[in-house]
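Right, one structure below, let's go through it.
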Amino acid sequence: MRGVLARHWGALVLFGLTALTPLVVKDAFFLDSLVLILIWGALSAAWNLAGGYAGQVSLGHSAFFGIGAYSAALLATRWQQSPWLGMLLGVLVSVAAGAVIGYLSNRLRGPYFALSTIAFSQVLLIVASRWRGFTQGSEGIPVPFRPGFWTLGLGHVAWVYVALGLALVHYGVQVYFERSRVGYQLAGVREDEDAAEALGIASRKLRVFAVTLSAALTSVCGAFWAQYVGFVDPFYVFSVDLSIRFALNTIIGGVGTALGPFLGSILITSLETYLRATFAGVKTGFTGIYLIIYGCVLILVVRFVPEGLAGLAARLRAGVARSRERATDHAHA
Amino acid sequence: MDPARLLGPAQIDALAQLGVSTILLGGIYALIAVGLTLIFGIMRVVNFAHGEFLMLGMYLAFWSFTLYGLDPYFVLFVSIPLFFLVGLLTYALVMRGVITASHNAQIFTTVGLSTALQNVALVAWTGDFRFVRPWHSSVVLRIAGTAFNLAQVVAFAIAVALTVALFAFMKWTHTGRVMRATAQDRDAATLMGIATDRVYRLTWAIGIACVGAAGVLVAPLYSVYPTAGLQFVLLSYVVVVLGGLGDMVGALLGSLIVAAVEVVGSYFFGTAWKEVLYFVLFIAVLVFRPAGLFGQRGAEMLGA
């Protein structure tokens, strides 16, 4: 138990505070930001499964996000079904698509894999924006608000808890990818594939598994997001910018760490909310200003803090521990 | 500016027209891709910001034309040294720090550069679609039952000239040999006394100069807006991968193949779905021929 506390104190503090917030804060704007932070964090966590733990950097994860969002929105508007069913459908489609992408990842590494994922998400963007009869084309789909849990027509407070549940599940899956047999095998494959295979690890299957799971979880977030935001725009949900954002949160927070994606999301989502609020009224030309900052932050983080916030914290802690050790050594001497 | 509209379909020989369109469009794609294949081939860096430099070149043509009435063909000569400097600057500020880092670090550095440049353009010049239309962009030539645009012919000629020049430069000059040596084995090149950091800086700057010039040349043919590069950049990767890493002549052939797919595809399926065709082609090439159609060695360095 102490071990669990020591390992996950950051998550306990973070998610504990989140759970308590709606009891104290009633401000809709603040709660809205909180929901978005949790959803973006969960999305980045899903990306982290493929990009971090399995080492397959995707720049087309918006494809799965869009599949989830479109499944939920289409089932809700065309067949008046629950978004929960839409989510299930999205997961099924994403598992199929994710398995294909996962299979590709066995043939393509690094930049080639990233490029092929971009191409995949672009194909879906073209289909969604041109197939007017089915997806309403580039106009997008407004998702109706129908009150109730089954239809996910919820208030802000309830949404905080739904998003928190989502975030906890994604955190848990990441921890599984860290501490389980599968997790250690993946780490082995990531560090030295030949050595891992020599030890009898089925590296190809593992990679497909990681990418597929990552795709499925991304599409779940997409379904929730469509219902929460209430509008699905093909040029947004399938955009490369969105895929970059999943990666950005994770890189800033710490690639291959369970808490990292959430830390990154807190920082980036708050920054975006703040800048949007500050610059929105000034001039329309300022809409891109936070993206300029993202771009520069990404370059700087990759260059100077490649281990991200979570890694930075670990480094500082190690530094403190070392200096404390040194202090006790001196005391003994 | 559809030449077919001026003539009427009956007077155009469909097959000849498809051929001519393919060659001219291929020239434009080669022009855009040649800088990318250079950087890809020598530095082994996938430059995700390639399309943004193209976009900056297009804006240079637009503003020179709109503010000072300068013809894009004149601006071309200014753009080459200008973008060479832009290349030196971005190399020093951005690329130098990650040149020996992992592929992932390089991917995200160039992605960050791409996002930043795109949005600098958005903030500075808004998202409006802009057009550069000098007198020669509407000149239509008609030869033997085909119709085509003068600007496309010029772009094609310059693309071929540039490809030949770079090919000759890489093959027969000392600097070119040094660059190829660095691409083949960085450590060995360093041991032979080659300052590899300078080679990378030069390669990057030449690559950016090429794509900047390409941007100026294609500005009269397409609309100019902050994300204009995105539609070309994925296509450039198809070209580069098809042609083989750093293979200038391969890139020219790859461009023709991509253009043929696009032209023939548009003819049969309509222009709305042509992108789907080349993205599918792209994934297929990556999966089945990652070393390029002509089996270029060196692809394994990217882990393909």
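Residue numbers begin at 1 in each chain, while the letters A, B, ... track the order of the sequences.
- Sorted by first then second residue, the salt bridge (Lys or Arg N to Asp or Glu O under 4.0 Å) pairs that include residues 254-266 of chain B, not counting sequence neighbours, are Glu262(B)-Lys274(B).
- At least one side-chain heavy atom of Leu115(A) sits less than 4.5 Å from a side-chain heavy atom of Phe48(B).
- If you measure heavy-atom distances from Phe108(B) to chain A, the contacts under 4.5 Å come from both the backbone and the side chain.
- Interface remark: Ala105(B) contributes backbone and side-chain atoms alike to the contact with chain A (heavy atom separation under 4.5 Å).
- The shortest side-chain heavy-atom distance between Leu59(A) and Val111(B) falls under the 4.5 Å cut-off.
- Crowding of Tyr274(A) atom OH: a count of heavy atoms from other residues, nucleotides or ligands under 6.0 Å not exceeding 12.
- In this structure, CD1 on Ile293(A) lies 13.0 Å from OG1 on Thr115(B), to the nearest 0.5 angstrom.
- Interatomic distance, Ile289(A) CD1 to Leu122(B) CG, rounded to the nearest 0.5 Å: 10.0 Å.
- The number of heavy-atom neighbours closer than 6.0 Å to CZ of Arg96(B), taken from other residues, nucleotides and ligands shown, is 12 or below.
- Side-chain contact between Gln118(B) and Leu291(A): absent, with no pair of heavy atoms (C-beta onward) separated by less than 4.5 Å.
- Only the side chain of Ile107(B) comes within less than 4.5 Å of a heavy atom in chain A; its backbone stays farther off.
- Counting non-hydrogen atoms of neighbouring residues, nucleotides and ligands closer than 6.0 angstrom, the OH atom of Tyr103(A) reaches no more than 12 such neighbours.
- Taken from CG in Leu298(A) to CG in Leu113(B), the straight-line distance is 10.0 Å, to the nearest 0.5 Å.
- No part of Leu300(A) comes within reach of chain B, as not one of its non-hydrogen atoms sits under 4.5 angstrom from that chain.
- From Ser114(B), atom OG reaches atom CG of Asp241(A) across 8.0 Å, with rounding to the nearest 0.5 Å.
- Of the atoms belonging to Val127(A), heavy atoms from both backbone and side chain fall under 4.5 Å from chain B.
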### Query
Can Arg303(A) and Thr109(B) be said to form a side-chain contact (heavy atoms from CB on, under 4.5 Å), step by step?
CA-CA 8 Å; Arg303(A) 174 91 176 81; Thr109(B) 300; over 6 Å; no
